[in-house]
Amino acid sequence: MLRQAREFRKGLIGLALVLSLAACDATFDNHGYVPPADALAAVQIGASRDAVIAAIGTPGSAGVMRDEAWLYTAYRIRNLGFRAPQLTERQLLAISFDRNGRVSNVEEFGLEDGRVVQLSRRVTTSSVREVTFFGQLLGNFGRINIGQALDN
């Protein structure tokens, strides 16, 4: 009986060790779509938008102001335990069109082509921060004209 209890404990410890090591394995999340090279070979300079859709499908996004470029993006994120997710792979395919809706340029970019953009952290000051809520509330009592409020 005592021997069975020891064997059971060893089995539980072994199982816990295996499960804890399996939890440290990285998982990958894939997002987006970039057409494969053989499908992209069907897109020629001068092709129409309909021909591009027939060859590689609709884009994930288009130009912001005008529909002059189509963007196909794909990226892969690695998740490892409690660490922050890490971008491991990124592909961007940009197809530019001229005024007539014909392909004028096809460009491919990878993770190594990206740049870090510094965002501005400016904060606009306002007078609301200088006066408390109750100070503003009490400051309005002298400005209210009851006669004008009830005259409506």
Side-chain angles (χ1 to χ4, degrees), residues 11-145 148-152:
L12 281 179
I13 291 172
L15 180 64
L17 182 64
V18 168
L19 290 176
S20 65
L21 288 176
C24 293
D25 195 21
T27 59
F28 292 91
D29 296 327
N30 298 311
H31 302 276
Y33 167 73
V34 171
D38 57 339
L40 187 58
V43 176
Q44 300 295 322
I45 301 297
S48 69
R49 293 177 198 261
D50 293 332
V52 173
I53 290 174
I56 60 176
T58 57
S61 60
V64 178
M65 299 300 287
R66 298 177 296 247
D67 197 20
E68 62 188 22
W70 286 357
L71 303 174
Y72 297 84
T73 58
Y75 57 95
R76 187 172 195 183
I77 296 176
R78 179 178 153 214
N79 299 299
L80 181 62
F82 295 106
R83 295 182 183 173
Q86 180 184 13
L87 183 67
T88 59
E89 199 177 313
R90 177 176 52 215
Q91 294 176 293
L92 174 73
L93 173 67
I95 299 178
S96 303
F97 296 95
D98 60 12
R99 278 191 243 147
N100 300 325
R102 300 287 179 181
V103 174
S104 63
N105 195 11
V106 177
E107 295 178 287
E108 293 183 75
F109 302 99
L111 185 61
E112 63 281 352
D113 297 319
R115 292 189 205 125
V116 176
V117 177
Q118 182 65 36
L119 299 176
S120 175
R121 295 282 184 194
R122 295 183 309 157
V123 176
T124 306
T125 60
S126 68
S127 62
V128 175
R129 291 186 182 174
E130 297 170 7
V131 181
T132 65
F133 172 73
F134 291 112
Q136 287 180 0
L137 188 64
L138 294 173
N140 286 330
F141 278 122
R143 297 183 194 157
I144 298 174
N145 186 346
Q148 287 179 347
L150 295 177
D151 205 23
N152 290 335

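Hydrogens, waters and symmetry mates play no part in the numbers below; they use all other heavy atoms, side chains included.
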Between [atom1] of [X] and [atom2] of [Y], what distance do you get to the nearest 0.5 Å?
X	Y	atom1	atom2	result
Arg78	Thr27	CZ	OG1	9.5 Å
Tyr33	Thr73	OH	OG1	12.0 Å
Glu108	Tyr72	CD	OH	12.5 Å

For [X], what residues pass the side chain to side chain donor-acceptor pair (under 3.5 Å) criterion, not counting sequence neighbours?
X	answer
Arg76	Asn30
Asp98	none
Asn100	none

_Minimum heavy-atom distance Ser48-Arg102, with the two atoms named_ = CB-NH1, 3.2 Å
*Please name the pair of heavy atoms, one in Ala42 and one in Ala55, separated by the smallest distance, quoted to 0.1 Å.*
CB-CB, 4.0 Å
*Reference residue Trp70; test side chain to side chain contact (heavy atoms under 4.5 Å, CB included); the match among Val103, Ile53, Ile56*: Ile53
I'd like to check [X] versus [Y] (side-chain heavy atoms, cut-off strictly below 4.5 Å). Are they in contact?
X	Y	answer
Ile77	Pro85	yes
Tyr75	Leu87	yes
Ser96	Glu68	no

*Decide whether a cation-pi geometry holds between Arg49 and Phe97; the criteria are a distance under 6.0 Å from NZ or CZ to the six-membered ring centre and an angle within 45° of the ring axis.*
yes
*Taking the side chain from Gln86 and the backbone from Arg83, do they hold a donor-acceptor pair closer than 3.5 Å?*
no
*Full working for side chain to side chain contact (heavy atoms under 4.5 Å, CB included) between Leu93 and Val106*: CA-CA 7 Å; Leu93 173 67; Val106 177; 3.7 Å; yes
